[in-house]
Amino acid sequence: MQKKSPKVPYDPKTIEAKWQAKWQETGIYQPDLEIAKRPFYNLMMFPYPSAEGLHVGSFFTYGGIDAYGRFKRLQGYTVFEPIGLDGFGIHSENYALKVGRTPQEHAKISEKNFYRQLHALGNMFDWSRKLETYDPDYYKWTQWLFTELFKAGFAYKAMAKVNFCPSCKTVLADEQVITKIKDQRSKIKDSNEEQKVSVKVCERCETEVEMKNLAQWFFRITEYAERLLGNLETLDWSQKVKVAQKNWIGKSEGAKISFNVILNDSEGSEKHREDSSPAKRGQNDIRLSIEVFTTRPDTLYGATFMVVAPEHPLIQSILDERSKIKDQRSKIEEVKAYVESATKKSETERTEEKDPSAGSGQGKTGVFTGLYVTNPVSGEKMPVWVADYVLMGYGTGAIMAVPAHDERDFEFARKYGLPVKQVISPIRHPEQREGSHVGLPPKRDSSSSPQNDMQEEAYTGVGVLTNSGDWDGWEMPREMGKVLDWLEKKGIGERMATYHLRDWLISRQRYWAAPIPMIHCAACAKEGKSWFTQCHSERSEESHGSKRSFANTQDDMDGAMAGWYPVPTEDLPVLLPEIENYRPLGTGKAPLASYPDFYETTCPVCGGTAIRETDVCDTFLDSSWYFLRYLATDWPEMPFPSLKYLSEHSEDSVGQRVRKSDHLKLRYSEFSEKVKSRGQWLPVTSYIGGAEHSVLHLLYARFVTMVLHDLGYLDFEEPFTRFRHNGLIIKDGAKMSKSRGNVINPDEYVNKFGADTLRMYLAFVGPFSDGGDFRDTGIEGMGRFLKRVWTMLAGQKISSIAPADSAKRLLHQTVAGVTADMEELRFNTAIAKLMTYYNGVSKQETLTMEEAKAFVQMLAPFAPHMAEELWELLGEQYSVHNSHWPEFDKQYLVEDVVTVVVQINGKMRASFQDQRANLPAGRQGLNAQKYVEGKARKLGKVQKYLEGKEVKKVIYVPGKIINFVT
RNA sequence: GCCGAGGUGGUGGAAUGGUAGACACGCGGGUCUCAAAAACCCGUGGGCUUUAAACUCAUGAGGGUUCGAGUCCCUCCCUCGGCACCA
């Protein structure tokens with residue numbers, strides 16, 4: 001091949017500016033959302049605009065996702081690739097505070113910086129449809145979403161023990177609290193030991209969270225626990241993320257069992273009962289039993305005591321009654337003191353003291369309440385204890401303790417000398433060993449012999465029930481169903497599942513977020529009026545006659561939500577006012593609570609004075625629906641393409657009730673077709689983002705989509721058909737952040753090497769789904785590669801003749817390999833194949849047009865600017881991104897099908913088949929003869945060992961059977 | 001403790017059960033140059049060997065299945081991520 005130097009040297013700066021301008025000008029990345037053929041919604045998680053701007057990690061992620069989108073585009077899809085900013089939130093607010101600007105001012109600055117960097121990256125973003133969550137045109141609909149959730153009974157305000165970050169001065173959702181293992185000096189006096197302590201900290205600032213009792217807004221995400229779990233199976237998502245969600249939802253199946261409280265064991269309560277009027281007694285009867293949740297109802301006969309959480313309401317009321325009895329007073333005081341101290345402790349303290357793995361002292365604490373319950377199956381009397389190892393927030397807040405078969409109960413029983421009763425005896429399968437279809441052998445065989453009640457530890461393995469009346473001999477857990485049936489038949493218990501998932505705590509006591517669009521009217525509250533009593537009926541059938549029955553929450557809502565009204569849609573958005581002091585207060589109140597101008601308003605129902613909610617929304621609400629908004633950023637009248645919304649708000653909808661709203665001028669006939677067409681983009685075809693959002697954003701987005709579906713606004717219930725996670729680029733083993741001072745700004749690399757080189761380098765350096773530690777050794781190598789490609793293609797005479805067969809084979813094999821890699825987001829190996837291809841092609845005598853074009857097309861996803869320039873130099877029409885991904889012909893993939901047979905003395909000893917096409921990339925250039933011989937040698941070696949003979953020769957004929965002559 | 005993902009040269013990392021280390025970085029040598037940089041060419045897991053060929057040992061450790069194992073199975077060790085008094 002003759003090397004000619006190109007007329008122009010490779011100048012990424014000029015090239016990149018030129019093509020970015022041209023893309024913008026021609027609008028090739030702005031698909032018409034209403035006539036798109038083969039729509040492909042290529043979504044990436046929009047960035048949270050921090051002060052430091054994008055770092056190389058974002059280039060790694062966004063560049064990779066864009067490469068995938070461009071690949072899809074070249075495959076003939078109409079790709080919609082939007083971008084925006086998730087700009088509300090603490091991070092920006094803190095930064096604004098630090099530099100003494102308002103968040104609004106800061107947002108403007110960082111917006112400019114982010115969009116500049118995102119432009120420089122050269123992605124095929126549709127810049128005509130960007131959005132920012134702090135834009136009133138956006139958060140108007142975030143607020144609308146809140147009100148819709150409220151109206152459907154999914155939002156409620158309640159007192160709850162919530163996580164509070166003293167540094168961020170706001171409450172946090174459960175999902176925003178993470179457990180950290182810290183090395184800490186022991187808090188125990190006179191101990192200087194370093195010990196590992198697990199601490200609950202704020203996800204953002206890693207400050208240890210406190211528990212506070214505050215009135216907060218929640219979303220009933222728990223209502224959807226079962227569906228969120230069940231649907232996971234149907235989703236094409238990274239396994240990793242599915243597992244994380246499954247764990248977070250944390251379903252355990254078991255039974256709810258009622259235990260009757262024994263009241264006649266003391267005169268006092270007997271007397272109390274006699275005093276009671278029949279009506280009051282009826283009330284008492286409800287309180288006379290305590291429900292527990294257990295996953296091991298089979299061990300019910302082994303339940304020897306009961307433990308309730310310190311916060312358990314039942315215990316509180318029973319204590320109140322008992323305190324009337326004189327001789328119980330000291331007991332009561334003891335219990336009260338315990339409950340008080342336990343509830344005061346932080347979650348961390350509670351677990352810290354009792355976590356045996358933390359190495360600290362004698363585990364669990366608790367006190368006897370003086371109460372007894374009856375074991376419903378054995379009839380035995382069981383003392384009721386209160387202990388903080390039982391959590392109010394899980395199950396029913398009360399457990400039946402089966403010390404023989406539960407490690408925690410065992411520990412507690414041993415400490416307080418409570419009885420232990422063995423009811424499971426391990427199965428010994430002597431001859432079952434082989435065909436055993438029943439699970440595992442007992443975990444510990446050394447430990448507890450079942451006959452011995454003086455156990456050393458709890459036996460939690462499988463086994464057969466003993467000492468259990470009718471149940472004796474049933475095998476657990478295989479025959480658990482029999483136990484449940486039995487309990488349900490007798491009315492003692494019923495099947496029940498509990499979930500780790502808690503309701504989504506949505507309110508925040510900060511400033512830079514969407515105000516919660518709720519109004520509280522004290523006058524209405526007094527009269528017990530609420531939105532549910534005043535406004536609900538008028539829209540109940542049409543709006544909420546969905547699949548879900550709202551009846552169960554309805555009653556609660558009427559009472560608990562007295563005085564609360566959502567801001568009417570036509571009054572949205574509730575604008576976030578620019579206030580002077582937006583610093584968080586730390587009092588449990590938000591900054592807006594200091595601004596009467598903001599919160600003073602009138603009641604939408606009675607017209608009296610009322611107060612706005614001053615808490616703001618969790619920013620995860622902003623991001624839970626943004627992918628819907630991208631499709632309607634040009635529609636101020638509608639949150640997202642939704643026929644239901646349109647029909648409710650249009651003025652001339654056929655067969656629909658006409659709604660008169662001054663600001664809504666939608667015409668049904670005009671919009672319905674558009675809405676339908678745009679709806680074809682949903683659900684999102686491909687979503688790619690960080691795995692760190694497994695249980696935050698991704699779960700919330702699923703929840704919100706499900707609600708919108710059930711309310712009729714969407715016709716699908718899962719937002720993201722396919723989700724893949726990208727890896728995280730870290731620096732020196734830690735996440736990049738300004739506080740750590742390890743942020744790598746991509747700007748300098750873009751300036752020095754160009755965006756193409758940086759994109760390609762980042763994509764090449766490691767697997768997309770893993771990420772890794774950033775280092776720039778080797779980026780020059782990628783620069784060299786692109787320069788060489790440039791030199792070859794820009795300076796070379798391209799021959800118009802068809803490539804030779806061997807060249808064609810190399811090309812088609814590369815195309816096949818790269819195509820497969822792109823589909824699976826294996827960008828690093830795709831690029832390696834392109835480099836191998838270059839190495840092969842650069843040694844050829846001539847480069848044909850077919851080869852050059854295909855090469856440029858395959859390069860285009862990674863180096864989009866340079867590919868455009870080369871495409872032009874090849875004399876092709878703008879744009880390479882409008883061309884078509886190269887095809888490959890299978891006939892070139894299968895070079896030789898060889899069957900190798902090893903025969904010794906005419907007897908077949910071994911065989912294998914091999915197709916050159918199936919060889920991995922690096923081996924495709926190998927000489928077939930050599931390859932087969934190499935394998936044969938190995939085979940021969942084995943035969944030599946077996947037969948003592950030597951393989952002397954290999955006969956190899958392409959496409960034919962090979963015989964080894966011995 | 002439970003769940004998940006891993007452990008391959010000096011480095012990042014390749015390998016549908018079929019020549020382990022593709023591709024790249026780095027390093028060594030060379031061409032060009034007064035010299036350097038750039039560019040280009042050659043080499044580059046260990047052992048053995050002047051070189052080459054050939055041989056041989058190598059994918060955390062140890063077993064197993066197979067004609068053949070980095071890949072599949074079992075046991076163990078280690079690293080990273082998630083969850084955790086969840087009844």
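Residue numbers start from 1 in every chain, and the chains themselves are labelled A, B, ... in the order their sequence lines are given, proteins ahead of strands.
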When the side chains of residues 249-256 of chain A are checked against the rest of the protein, which donor-acceptor pairs come out under 3.5 Å, sequence neighbours left out?
unit_1	atom_1	unit_2	atom_2	d
A:Lys251	NZ	A:Glu226	OE1	2.9
A:Lys251	NZ	A:Glu226	OE2	3.0
A:Ser252	OG	A:Tyr394	OH	2.5

- Please determine, by modelled atom types, if A:Asp409 and A:Tyr389 share a side-chain donor-acceptor pair under 3.5 angstrom. yes
- Note on the structure: Comparing A:Trp248 with A:Asn828, nearest RNA chain B nucleotide closer to 5' gives the residue A:Asn828
- Item | Taking every non-hydrogen atom, the tightest pair across A:Gly727 and A:Thr61 | O-OG1, 4.3 Å
- Message: Taking the C1' atom in each of B:rG28 and B:rG64, what is the distance between them to the nearest angstrom?
- Response: 43 Å
- Message: As a test of your reading of the structure, name each stem of RNA chain B as range with range, where a stem is three or more consecutive Watson-Crick or G-U pairs at under 3.5 Å.
- Response: B:1-7 with B:77-83, B:10-12 with B:23-25, B:26-31 with B:39-44, B:45-47 with B:55-57, B:60-64 with B:72-76
- Message: According to side chain to side chain donor-acceptor pair (under 3.5 Å), does anything in residues 766-783 of chain A pair up with another residue at least two apart or in another chain? List the pairs.
- Response: A:Tyr749-A:Asp776
- Is any side-chain nitrogen or oxygen of A:Arg408 closer than 4.0 Å to OP1 or OP2 of B:rC86? yes
- Item | Distance, rounded to the nearest Å, where A:Tyr499 contributes OH and B:rA87 contributes P | 13 Å
- Task: May I ask you to check whether A:Ser238 and A:His725 show a side-chain donor-acceptor distance below 3.5 Å?
- Result: yes
- Task: Among B:rC83, B:rC23, B:rG4, find the nucleotide with the atom closest to the side chain of A:His500.
- Result: B:rC83
- Which whole-number value in Å describes the distance from A:Asp773 CG to B:rU11 C1'? 12 Å
